[in-house]
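All remarks here apply to the structure that follows.
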Amino acid sequence: MTAEFKRLGRRGAYRLGDLRYKAGQEPGGPAFRPRFTRPDRSAATSVWLLGLLAGSVVIIAGTALGLWFMPFAVGLLAGVANGVGRWPPRVAMPAVAATATAGWAIPLGWSVLRGAAYGPVAREIAAQVGLPGYAAVGMIAVVLVAVIQALVGYWLGRALAPRPASR
């Protein structure tokens, strides 16, 4: 009982909220270790990133051919491939969203620069949906649809991917 009174009021004496330490044990290292810097997964991470780059190229080609569902298909493959890279969703989901954004924004921007009349069509679609009647708003809405498709595909692919056996 007297040992408790000696610790009373000292900084870090009780380590409230940190149950991994036993009484009298000093902390052994940093409490936070980033999950994306593990050296044992560098090859798998590189392959996963190259896969996302290839996915962006596939979405660009699909957009040029009129295949509007390609962001979903690439997201589905990214979710299944995440079993190899094992990236946490807080890192993988923005990467998949960036892949879908690049996959649709690059061909749309390129076609507008080459003189395609997507501006008036995008303006009309935006006005009919109830958004402000600007061409940029319509194109942003189209890119957001591609991002939503890719994220839904990613989550479905994660659900379908086999999980590694627990130890």
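In what follows, every heavy atom counts, from backbone to side chain, and hydrogens, waters and symmetry copies are set aside.
Note that CD of Gln149 is 9.0 Å distant from CD1 of Ile59, once rounded to the nearest 0.5 Å. Separating the CE atom in Met70 from the CG atom in Leu65 is a distance of 9.0 Å, to the nearest 0.5 Å. Distance check: Thr99 OG1 to Leu52 CG gives 4.0 Å after rounding to the nearest 0.5 Å.
Residues Leu113 and Leu108 do not share a hydrophobic cluster, defined by chaining ILVMFWY side chains whose heavy atoms lie under 4.5 Å apart. Both Val74 and Leu67 are assigned to one and the same hydrophobic cluster, defined by single-linkage of ILVMFWY side chains at heavy-atom distances under 4.5 Å. Under the 4.5 Å side-chain heavy-atom criterion for grouping Ile, Leu, Val, Met, Phe, Trp and Tyr, Leu160 is connected to Phe72 within one hydrophobic cluster. In this structure, Phe69 is a member of the same hydrophobic cluster as Val143, with clusters built from ILVMFWY side-chain heavy atoms closer than 4.5 Å. Under the 4.5 Å side-chain contact rule for hydrophobic residues, Leu76 and Ile148 share a cluster.
The two residues Pro71 and Ala146 come nearest to each other via the heavy atoms CB-O, 3.4 Å. Nearest approach of Ala78 to Val96, heavy atoms of both residues: CB-CG2, 4.0 Å. Considering all non-hydrogen atoms of both residues, Gly103 and Thr63 come closest at O-OG1, 3.4 Å. When all heavy atoms of Ala102 and Ile60 are compared, the pair lying nearest together is O-CG1, 4.1 Å. Between Tyr154 and Ala92 the shortest heavy-atom distance is OH-CB, 3.3 Å.
Within the 4.5 Å cutoff, the side chain of Val147 has no heavy atoms near those of the Trp104 side chain.
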